[in-house]
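Below you'll find the structure, written out as structure tokens, and then a few comments.
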Amino acid sequence: MQFDIITIFPELFDTFKTTSVIKHAINKQVITINIHNLRDYTDEKHNKVDDTSYGGGVGMILMAQPIINAVKSIQLPNKKCHVILLSPSTNFFNQEKAKKFEQNFDQIILICGRYEGVDERVKQTVVDETISIGEYVLTGGELASMVIVDTTSRMVKGFFEKDNVLENESYINGKYIEYPQYTKPEIVEEISVPKVLISGNHQEILKWKETNKIKYTN
Ligand SMILES: C[S@@+](CC[C@H](N)C(=O)[O-])C[C@H]1O[C@@H](n2cnc3c(N)ncnc32)[C@H](O)[C@@H]1O
């Protein structure tokens, strides 16, 4: 699966791409993450990509043309591509969306807004879906794009060494939150691990896990 991220701050992704499981997935070629500097797609003087708002307003707006140019030049021919604009809108990201992205698309292009946002004509021309990661305002779409890339990548076959990692995870099998987890030592601050988990009785352990997962009711 290929992710292409359009941003004016490419350096924000340096650690994201080179750490832990994301790094391994890139090395194994399970996923590809390309970071594109929006300034490389502008025809304006001094690589300008933002301007003041028509009608007045406090901050700058990212101009439409450089983003449209970027999307058009990044889109892979003959591949199923989905273009996402990050926005504090009301179409919220969740596990189900991540699964659909993984199942339906070869390439996901993510457009990171900044300042006061993005010229509306980007939405009208190259965007398939506008996505928010929550009911709050971030300074830019970069963190939101990392959330989407990270969650979606975990769905891709080969991301984990073992295929069954996702089996009992929160949100995967129906709307459940995973049962509580414990590791060594057996006692911490006088709190013991539930006895059943150290009983060696696999039937009982499975039963405990089943009854201790939490129904998600949101
Ligand atoms: C400071 S925000 C713009 C906020 C905008 N003026 C408003 O009031 O809705 C700059 C950029 O951050 C990104 N962003 C902010 N909050 C977000 C969220 N909750 N989910 C996804 N992206 C977000 C978007 O790309 C947005 O264009």
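All ligand and atom numbering here is 1-based and tracks the order in the structure. Quantities reported herein were computed from a predicted structural model and do not represent experimental measurements.
Short contacts between ligand 1 and Ala144, defined as distances under 4.0 Å to a heavy atom of the residue, involve ligand atoms 21 (C), 22 (N). Remark: ligand 1 atoms within the under-4.0 Å shell around heavy atoms of Glu116 are 3 (C), 5 (C), 6 (N). The contact set between ligand 1 and Gly141, taken as ligand atoms under 4.0 Å from a residue heavy atom, comprises 12 (O), 13 (C), 25 (O). Listed by atom number, the atoms of ligand 1 under 4.0 Å from Gly134 heavy atoms are 19 (N).
Looking only at atom types and distance, the side chain of Gln2 has a donor-acceptor partner in the side chain of Asp4 under 3.5 Å away. Checking Ser170 against Glu178 by side-chain atom types alone, no donor-acceptor pair falls below 3.5 Å.
The protein non-hydrogen atom at the shortest distance from atom 19 (N) of ligand 1 is Tyr136 O, 2.8 Å. Closest protein heavy atom to atom 2 (S) of ligand 1: Leu138 O, 3.3 Å. Atom 4 (C) of ligand 1 has its closest protein heavy atom at Val137 CG1, 3.8 Å. The protein heavy atom nearest to atom 20 (N) of ligand 1 is Ile133 N, 3.0 Å. What sits closest to atom 10 (C) of ligand 1 on the protein, heavy atoms only, is Tyr115 O, 3.4 Å. Among protein heavy atoms, atom 25 (O) of ligand 1 sits closest to Leu86 O, 2.7 Å.
Under the 4.0 Å distance rule, the nearest protein heavy atom to atom 8 (O) of ligand 1 falls outside the cut-off.
Classified by interplanar angle (parallel below 30°, tilted 30° to 60°, perpendicular above 60°), the ring pair His82/Phe101 is tilted.
When all heavy atoms are compared, the tightest approach of Pro180 to Trp208 is O-CH2, 3.8 Å. Across all their heavy atoms, Glu142 and Cys112 have their closest contact at OE2-CB, 3.6 Å.
Of the candidates Thr152, Thr151, Asn91, Asn91 is the only one forming a side-chain hydrogen bond (donor to acceptor under 3.5 Å, both in side chains) with Lys97.
Cation-pi check for Lys213 over Tyr176 is met; the charged atom lies under 6.0 angstrom from the ring centroid and within 45 degrees of its normal.
For atom 21 (C) of ligand 1, the candidate residues are Ser87, Gly113, Ser53; the nearest heavy-atom contact is made by Ser87.
Within the 4.0 Å heavy-atom criterion, the part of Thr139 lying near ligand 1 is the backbone and not the side chain.
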